[in-house]
Amino acid sequence: MAIPMGEERDDDPRTYEARWRARWQADGLDRTDLDGATRPYYNLMMFPYPSAEGLHVGNTYAYTGADIHGRFQRLQGRDVFEPIGFDAFGIHSENYAIQVGRHPMELVRQNVARFRSQLERLGAQFDWSRAVDTTDPGYYRWTQWLFLQLWKGDLAYRATRAVKWCPKDLTVLADEQVLADGTCERCGTVVLERELEQWFLRITRYAERLLKGLDHLDWSASTVLAQRNWIGRSEGAYLDFPVDGEAPLQVFTTRPDTIFGATFMVLAPDHPRTLELTDPACREAVVAYIEEAERRRIAGQHAEEGPTRGVRLGRDTRHPLTGAALPLYAAEYVLSGYGTGAIMAVPGHDERDHAFARAFGLPIVEVVRGAQDVDAAAHVGQGVLVNSAEFTGTIAPDPARERVVAALEARGLARRAVQFKLRDWGISRQRYWGPPIPAVHCPTCGAVPVPESQLPVLLPFVEAFRPLGTGASPLAAVPAFVNTTCPRCGEPARRETDVSDTFLDSSWYFLRYPSADREDVAFAPEATRRWLPVDTYIGGNEHAVLHLMYARFVSMALHDLGWLDFEEPFVRFRAHGMIVREGAKMSKSRGNVVNPDAYMDRFGTDAFRLYLMFMGPFDEGGDFRDQSINGPSRFLALCLRLQRRVAAVPEPPELARARHACIQKVTLDTPQLKYNTAIAALMTYAKVLRDHPGPLPRASLDTLAQLLAPYAPHTAEELWSRLGGPYSVHRQPWPTFDPALLIDEQATVIVAIDGRRRDQLEVPAGTSAAELERLALALPRVVAHLAGRRPVRVVVVPDRQVNLVLPGA
RNA sequence: GCCGGGAUGGCGGAACGGUAGACGCAGCGGUCUUAAACACCGCGGCUCGAAAGAGCGUGCGGGUUCGAGCCCCGCUCCCGGCACCA
């Protein structure tokens with residue numbers, strides 16, 4: 001871009017944008033009076049993880065869209081609180097620090113500083129006075145406090161469990177951090193399983209409430225659905241299958257109606273009773289299979305060839321209703337962690353059981369009659385029960401499910417149950433870069449909480465912060481940290497050396513913002529009452545089952561523990577779309593990553609903001625094309641040029657009309673996050689002004705500046721100031737529109753024959769149907785097309801269309 | 001495999017069941033300029049036609065309707081998420 005010369009110089013956005021930002025900052029324009037707010041509106045966006053690469057264009061996109069929302073709410077008269085912070089703990093920073101050979105403490109300081117200057121440049125109305133940094137001891141002492149409250153409420157516990165282990169990051173991962181292909185979401189390595197003693201948070205206790213709560217939230221549908229699926233509620237029953245000479249085998253099923261189709265039973269290889277239920281003659285083969293399955297499980301391989309691997313135990317259970325012998329198997333497709341770890345196999349009506357029955361030559365019995373031949377494939381859909389004794393003829397699954405359970409229940413063979421896929425949240429990380437979990441292990445007292453008065457448990461500065469790979473955190477190698485005394489008995493004890501998951505840091509940060517200045521509490525009751533729950537939360541859907549689930553869980557737990565008077569932290573959540581570049585996902589390896597700074601250097605912040613929002617609907621994302629930014633850039637220049645044509649003239653009706661139409665469109669589209677069409681309306685309006693001959697009334701431009709304010713805050717301020725408006729445009733009441741002015745006087749009525757457009761009529765609005773029909777039939781082109789035929793029917797849509805329907809059409 | 005979302009000009013995208021392609025990008029022609037940039041004017045779905053005009057057009061195949069990009073049924077492909085969860 002050439003440096004504009006002479007008079008044009010003032011229109012260079014880079015000059016006035018920096019000037020206005022400095023002024024806003026000096027005036028504290030974006031700071032919120034948290035105590036005095038009468039119409040509080042908490043506008044939250046997901047705080048960034050300050051990577052070494054700098055602000056990603058995805059961040060810019062999310063923050064710009066969220067900021068437009070916040071600015072619009074403020075212009076509507078709300079006292080908007082729009083905080084920002086840094087989610088700076090975690091494996092990602094730590095790995096990067098290892099890679100470049102520097103210490104994360106030093107690196108994070110530097111990254112945060114860079115992020116802050118990049119964020120400031122976005123022109124968002126962030127209230128920096130309440131910024132938080134999760135790595136600040138003044139923050140994480142409260143993360144530790146949160147953990148202690150959960151522990152006190154019996155929501156934190158220690159257990160040895162097979163957990164996901166990333167062999168590259170040398171740490172445990174939460175289930176949510178393992179991708180669908182079994183790889184680590186951070187580094188892409190295939191994740192293994194490992195038995196370790198871990199801290200868990202009892203999120204499963206909230207499964208039902210987490211699910212129920214979704215019904216009343218104003219959230220993006222896709223996010224609600226993702227949470228529902230993740231929680232994975234299934235209704236069914238525990239059924240007891242008798243075993244001769246042993247305790248009965250309990251299974252969980254969601255399809256008790258198919259019980260007459262059960263032809264064999266399957267246990268998870270690591271089910272506690274697998275060996276007990278093995279016939280001595282088969283023991284050797286079963287032991288070998290269990291070991292083999294265990295090896296595969298640890299190696300993270302299981303999904304490849306379907307449910308075809310397993311072994312016969314050589315013993316049977318009895319069918320509880322028919323008394324038939326059902327052979328027992330152990331197979332990997334049955335998971336020990338779900339239900340009871342054992343199933344009744346119904347090959348006719350379950351795909352996995354079907355595959356297994358085929359592989360092992362087991363009988364397949366049809367009990368639900370449908371279109372599907374069960375010998376060829378399982379019929380899992382609806383049908384009528386057959387071969388099912390007194391239940392034959394009932395519609396399955398419902399109401400058959402209910403009748404069978406009731407009958408079994410009456411005989412003491414069934415118990416109704418609900419199962420969830422959701423598992424407890426493992427938060428232990430055998431790493432350095434996180435808040436130490438505030439616990440002490442005492443040989444006599446066991447795990448003891450660190451007293452709240454001793455918080456924070458400071459993360460010591462250690463040079464050797466690399467993971468050890470032993471299953472213990474690097475902190476375990478720091479005697480000064482490890483050796484302590486038991487807070488309960490005073491005897492020598494060891495400090496917990498694992499740090500907590502970074503998602504614990506972010507599970508409560510929105511509670512901290514309004515109280516960020518308080519050193520004595522995590523969140524102050526008055527500020528919390530005034531500002532929470534969050535009015536609108538905007539962020540990426542990649543956190544649908546991670547952060548958003550954890551934050552809901554923590555809020556519910558804090559509610560039950562008496563710390564909060566609400567359960568749901570985010571009243572409204574909107575997932576924004578993703579930006580791709582020229583059709584492809586941006587990635588470093590593709591080399592197509594957009595650097596926001598470069599565009600802002602060249603075109604200014606406002607043009608960049610406007611372009612990002614103009615690319616497409618905010619919730620759908622968009623496709624970044626380098627040249628397309630020219631449009632918004634030209635548009636902003638035009639807005640400033642138009643100001644020079646302002647004179648003391650009355651507003652002509654056609655300009656008033658255009659102005660009110662624009663107010664309407666922007667006012668209605670903006671709160672729905674339909675930013676792209678709002679911007680289009682602004683452009684249309686600017687073109688009307690441009691094409692208007694002669695001087696422009698000030699009202700025309702005043703409105704333009706005001707409507708532009710949420711979208712292009714600097715340019716709007718510059719324009720407003722040149723128009724002589726009182727500082728600041730961001731403190732003006734939002735313009736209103738007069739619907740009376742928007743009523744059309746003329747109407748263009750399409751004349752169609754059999755739905756095909758043939759001509760059009762220009763008529764006064766409100767012309768009667770009869771008159772429209774008469775006019776239409778008189779049009780020469782219509783007469784020509786009709787060629788003497790008479791329409792059998794005439795459909796008139798007032799002010800829009802006349803459709804002449806010919807016979808035989 | 002299951003669950004979402006989507007498919008519209010060269011490109012990004014607009015369209016209460018009622019003029020498909022708003023707005024913008026890129027392109028072409030022109031005005032201004034010594035020249036360029038900026039700005040401004042004009043053109044632009046496809047086919048046939050000199051034109052007037054006609055026909056065809058919103059992934060594919062059906063349907064509902066006076067009228068379908070939009071509603072219904074059946075597919076294809078793309079994007080995202082979940083996945084031996086009984």
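Note: hydrogens, waters and symmetry copies are ignored here, and every other heavy atom, side chains too, is used. Just so it is clear, the model here is predicted, and its values are computed rather than measured. In what follows, chains carry the letters A, B, and so on, assigned in the order in which the sequence lines appear, proteins first and then strands, with residues in each chain numbered from 1.
The separation of B:G44 from B:G53, taken at their P atoms, amounts to 14 Å, rounded to a whole angstrom. To the nearest whole angstrom, the two C1' atoms, one in B:C56 and one in B:U8, are 16 Å apart. If you take atom C1' in B:C11 and the same atom in B:G45, they sit 14 Å apart, rounded to whole Å. The gap from the P atom of B:G24 to that of B:C41 amounts to 11 Å, rounded to the nearest Å. Using atom P as the reference point in both B:U58 and B:A20, the two lie 12 Å apart (nearest Å). Atom name C1', nucleotides B:G18 and B:G10: the rounded distance is 30 Å, in whole Å. Of the C1' atoms belonging to B:C46 and B:A83, the separation is 45 Å, rounded to the nearest Å. Separation of the C1' atoms belonging to B:A39 and B:G49 is 38 Å when rounded to the nearest angstrom.
In the set B:G12, B:C66, B:A14, B:C66 carries the atom at the smallest distance from any side-chain atom of A:V795. Set against B:C16, B:A14, B:G12, the side chain of A:R800 has B:C16 as its closest nucleotide. The side chain of A:V797 approaches B:G18 more closely than any other nucleotide in the set B:G18, B:A86, B:C25. Among B:C25, B:C23, B:A86, the nucleotide with an atom closest to any side-chain atom of A:A680 is B:C23. Each of B:A39, B:C66, B:C23 was ranked by its minimum atom distance to the side chain of A:R641; first place goes to B:A39. The listed nucleotides are B:C23, B:A83, B:A14; the one nearest the side chain of A:F614 is B:C23. Considering only the side chain of A:T254, B:A86 comes nearest among B:A14, B:A15, B:A86.
Taking the six-membered ring for Trp and the full ring otherwise, A:F360 and A:F264 have centroids separated by 6.0 Å or more. Ring-centre distance between A:Y599 and A:F624: below the 6.0 Å cut-off.
Note: CZ (A:R625) to C1' (B:A26) measures 11 Å, nearest angstrom. Atom C1' of nucleotide B:G24 and atom CZ of A:F635 are separated by 11 Å, given to the nearest angstrom. Rounded to whole angstrom, the span from the CD1 atom of A:I629 across to the P atom of B:C11 amounts to 22 Å. Between the CE atom of A:M578 and the C1' atom of B:G4 there is a distance of 15 Å, given to the nearest Å. Straight-line distance from the CG atom of A:D754 to the P atom of B:C66: 11 Å, rounded to whole Å. Between the CG atom of A:L546 and the P atom of B:C82 there is a distance of 8 Å, rounded to whole Å. Residue A:R757 contributes atom CZ, which lies 16 Å from atom P of B:A68 at whole-angstrom precision. We find that CG of A:L335 is positioned 12 Å from P of B:A83, with the value rounded to whole Å.
Taking for each of A:D691 and A:H785 the nucleotide of RNA chain B with the nearest heavy atom, the 5'-most of the two is the partner of A:D691. Mapping A:I750 and A:I343 onto RNA chain B by nearest heavy atom places A:I750 closer to the 5' end of the strand.
The aromatic rings of A:F503 and A:H543 sit perpendicular to each other, their planes meeting at more than 60°, with 30° as the lower class boundary.
For the residue pair A:S220/A:N541, the side-chain donor-acceptor check at 3.5 Å is not satisfied. Side-chain contact check for A:E762 and A:T748: at least one donor-acceptor pair (N or O, by modelled atom type) lies under 3.5 Å.
In this entry B:G1 has B:C82 as its Watson-Crick or G-U wobble partner, both defining distances falling under 3.5 Å. Under the Watson-Crick or G-U wobble criterion, with both distances below 3.5 Å, B:C43 is paired with B:G27. Searching all strands for a Watson-Crick or G-U wobble partner of B:U76 with both distances below 3.5 Å returns B:A7. Across all strands shown, B:A68 remains unpaired; no Watson-Crick or G-U wobble contact has both distances below 3.5 Å. In a base pair of the Watson-Crick type (N1 to N3 plus N6-O4 or O6-N4) or a G-U wobble (N1-O2 and O6-N3), with each distance short of 3.5 Å, B:G49 is matched with no nucleotide.
Taking side-chain N and O atoms only, A:R781 has no distance below 4.0 Å to OP1 or OP2 of B:A54. Of the side-chain N and O atoms in A:R690, one or more sit less than 4.0 angstrom from OP1 or OP2 of B:C40. Look at A:R793 and you'll find a side-chain N or O under 4.0 angstrom from OP1 or OP2 of B:C66. Residue A:R756 has a polar side-chain atom (N or O) positioned under 4.0 Å from OP1 or OP2 of B:C56. The phosphate of B:G81 (OP1 or OP2) has no side-chain N or O of A:N541 nearer than 4.0 angstrom. Taking side-chain N and O atoms only, A:R634 has no distance below 4.0 Å to OP1 or OP2 of B:A37. A close approach under 4.0 Å does occur between a side-chain nitrogen or oxygen of A:K687 and OP1 or OP2 of B:G24. Note on A:T677: every side-chain N or O is 4.0 Å or more away from OP1 and OP2 of B:G13. Between B:G24 and A:N630, no contact under 4.0 Å exists linking OP1 or OP2 to a side-chain N or O.
A salt bridge is defined here as a Lys NZ or Arg NE, NH1 or NH2 lying under 4.0 Å from an Asp or Glu carboxylate O, and A:R774 with A:E771 meets this definition.
Nucleic acid contact class of A:N803 (heavy atoms, under 4.0 Å, all strands): base. No engagement by A:V251 is indicated, since no non-hydrogen atom pair under 4.0 Å with the nucleic acid exists. Residue-level contact check: A:R758 touches the backbone only, with heavy atoms under 4.0 Å from sugar-phosphate atoms and none from bases.
Of the inter-residue distances, the one linking A:F614 atom CZ with A:I629 atom CD1 reads 12.5 Å to the nearest 0.5 angstrom.
Base orientation of B:G59: anti, since the glycosidic angle falls outside 90° of 0.
Between A:R255 and the options A:T258, A:T253, A:D257, a side-chain hydrogen bond (donor to acceptor under 3.5 Å, both in side chains) holds for only A:D257.
Among all heavy-atom pairs drawn from A:A575 and A:T223, the shortest one is CB-OG1, 3.9 Å.
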